[in-house]
Protein chains: 2
Amino acid sequence: MLRGDITKAIRNAVMNELAQVGYGRLSIEAVARRAGVGKTAIYRRWSNKLEMVLEIVSDVAGRAVPLPDTGSFAGDLQLLMMIATKALQHRYASQIIPDLMAEAARNPKIAETLQKALRSHQQAVGDKLVGQAVARGELPADADPELAVDLILGPLYWRLAVARTPVSDDYLERLTELVTAALQAGSSAR
Amino acid sequence: MLRGDITKAIRNAVMNELAQVGYGRLSIEAVARRAGVGKTAIYRRWSNKLEMVLEIVSDVAGRAVPLPDTGSFAGDLQLLMMIATKALQHRYASQIIPDLMAEAARNPKIAETLQKALRSHQQAVGDKLVGQAVARGELPADADPELAVDLILGPLYWRLAVARTPVSDDYLERLTELVTAALQAGSSAR
DNA sequence: CTACGTCGTAACGGTTGCGTTCCGGCGTGC
DNA sequence: GCACGCCGGAACGCAACCGTTACGACGTAG
């Protein structure tokens, strides 16, 4: 019976508030103000701040990103890099993710939710990316998907979300090149 | 005339409080309680929370990490990896850095301070690491220190501070191997 | 031994947010 | 057309923290 447009307005307000002030300073009252709704409408849906944020964030984060399959490892990698770059440059990602990550270190419930939403998904991407490459014979059978994903997403996340330095097309190209070289060389070395 | 032991207790309390509740929820009163001092003692030293945190954090972060010079690029790299791993596993680093990074996205003063404390230092490490390798002829003259540092610290930070997955010696070894391959291959490719 | 400055404690008024409750209004389903 | 349930708004008592002030105790410098 809860009105859908109200729920939507609240979800939206939570994401914006989260990006603007962070979880620590997010208040129910501010969310209600921003959404243009009464506090009552919020407490009718969730029982407290933690539950509300977790439900909304995991819903947003859980939306599956289409896994790449361009036909070649180089193509898959390049596509993944571009998708990740775009995603990490989004305001939600670059502000909310570090904030919730820091929060997760203190709150097991947040940690658990984020792991489900982010890490399992990331692992699926890694498995598919490397699996496809192995099937095509582009990487050896013992290539480590976990390590591969760390090597791909790590530098991008570091640069975009931590150092907050802009990423040029040229930079992205060179990074892709280096990572490709690493994964191929790392395999032949073993 | 300010008593040094009091100042020290406050600095300590701020770091602990920062790690435990984050910047957003850090309160002067809690710091005073934890340090076992009066609020007066704090306000006598800093005028507000932001100034206090910035001064203390930049002091801690500014302590120079000795730059590696083991005589070979492989050795330098391995040493750097180990130092970074250890540093990122420290409670202060793994909790405070993501928190302040998220905060920096909203507050230019924090961003500026952190860039000075972290990024410039990181750049110096990269320049020295790559510079030494170039001088030894282990990397070509046009090797990009910036890219190199991203590739080295990115995966570690991702794994330790974001994914919060433990890093085994074996994993570290393989990562070092891959990064070495990447930097050498990337050079020969150009 | 005196005077000064720092110390902790306690209190101040003011703000913000919590989670709850009551209200009158409005729209929908029956 | 009537009752029900959601809606926003307003207020509640409670708690935390802000930044400031006043106070008496202590310790040290001169």
Side-chain angles (χ1 to χ4, degrees), chain A residues 1-57 59 95-96 99-100 102-103 106-110 113, chain B residues 1-57 59 95-96 99-100 102-103 106-110 113:
Chain A
M1 281 295 176
L2 298 167
R3 272 173 55 187
D5 55 334
I6 302 285
T7 306
K8 206 165 185 174
I10 297 174
R11 297 186 111 85
N12 213 310
V14 167
M15 290 302 284
N16 278 306
E17 201 69 14
L18 215 46
Q20 198 159 92
V21 306
Y23 179 83
R25 276 194 291 244
L26 180 138
S27 76
I28 303 279
E29 308 224 353
V31 170
R33 272 198 301 272
R34 184 189 284 263
V37 306
K39 276 200 295 179
T40 334
I42 296 181
Y43 280 109
R44 209 171 282 125
R45 289 166 172 78
W46 301 278
S47 63
N48 55 53
K49 166 172 146 181
L50 177 60
E51 189 190 311
M52 174 183 73
V53 169
L54 283 187
E55 197 269 335
I56 293 176
V57 166
D59 176 69
Q95 303 213 358
I96 294 181
D99 190 280
L100 287 183
E103 206 62 34
R106 301 175 199 114
N107 189 320
K109 279 197 176 179
I110 296 185
T113 303
Chain B
M1 282 294 176
L2 299 168
R3 274 173 53 187
D5 55 335
I6 301 286
T7 306
K8 206 164 184 174
I10 296 174
R11 298 185 109 86
N12 215 310
V14 167
M15 290 302 284
N16 278 305
E17 201 69 16
L18 215 45
Q20 199 159 94
V21 307
Y23 178 83
R25 276 194 291 246
L26 180 138
S27 76
I28 303 281
E29 307 223 351
V31 170
R33 271 198 303 271
R34 184 189 284 264
V37 306
K39 276 199 296 180
T40 338
I42 296 179
Y43 280 109
R44 207 171 282 124
R45 290 167 170 78
W46 302 278
S47 63
N48 53 53
K49 166 173 146 181
L50 176 60
E51 190 189 311
M52 175 182 72
V53 170
L54 282 187
E55 196 269 337
I56 292 176
V57 167
D59 176 69
Q95 303 213 0
I96 294 182
D99 190 280
L100 288 183
E103 206 61 34
R106 302 175 199 114
N107 189 319
K109 277 196 178 179
I110 296 185
T113 304

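Throughout, a chain's letter reflects where its sequence line sits, starting with A, and its residues are numbered from 1. On a predicted model such as this, the values are computed, not experimentally measured, just so you know.
Ion pairing between a basic and an acidic side chain is recognised when a charged N comes within 4.0 Å of a carboxylate O; Glu55(B) and Arg11(B) show such pairing. Salt bridge Arg25(A)/Asp99(A): absent, no basic N to carboxylate O contact under 4.0 Å.
Side-chain contact check for Val57(A) versus Leu100(A): some heavy-atom pair is nearer than 4.5 Å.
Picking from dC17(D), dG9(D), dT21(D) the nucleotide with the shortest atom distance to the side chain of Thr40(A) gives dG9(D). When distances run from any side-chain atom of Met1(A) to the nucleotides dG8(D), dC6(D), dG8(C), the shortest one goes to dC6(D). If you check dG5(D), dC7(C), dC7(D) against the side chain of Leu2(B), the one that comes closest is dC7(C).
To the nearest angstrom, P of dC7(D) lies 16 Å from NZ of Lys39(A). In this structure, the CD1 atom of Ile28(A) is 9 Å from the C1' atom of dC18(C), given to the nearest Å. In this structure, the CG atom of Asn48(B) is 19 Å from the P atom of dT15(C), given to the nearest Å. Taking atom CZ of Arg45(B) as the reference point, atom P of dG19(D) lies 17 Å away to the nearest angstrom. Rounded to whole angstrom, the span from the NZ atom of Lys8(A) across to the P atom of dC6(D) amounts to 21 Å. For the pair Ile42(A) CD1 and dT20(C) C1', the computed distance is 14 Å after rounding to whole Å. Whole-Å rounding puts the Asp5(B) CG to dT28(D) P distance at 11 Å. The separation between Tyr43(B) atom OH and dG19(D) atom P is 4 Å, rounded to whole Å.
For Glu29(B), the salt bridge (Lys or Arg N to Asp or Glu O under 4.0 Å) criterion is met by Lys39(B), not counting sequence neighbours.
No engagement by Arg25(B) is indicated, since no non-hydrogen atom pair under 4.0 Å with the nucleic acid exists. In this structure, Ser47(A) reaches neither bases nor backbone, as no heavy-atom distance under 4.0 Å exists between it and the strands shown. Heavy atoms of Lys49(B) sit nowhere under 4.0 angstrom from any nucleic acid atom.
In this structure, Ser27(B) OG and Arg33(B) CZ are separated by 6.0 Å, a value rounded to the nearest 0.5 Å.
Here Arg33(B) reaches the OP1 or OP2 of dC17(D): one of its side-chain N or O atoms lies under 4.0 Å away. The side chain of Arg3(A) contributes no N or O atom lying less than 4.0 Å from OP1 or OP2 of dC7(D).
When each of Thr7(B) and Leu26(A) is assigned the nucleotide of DNA chain C bearing its nearest heavy atom, the one mapping closer to the 5' terminus is Thr7(B).
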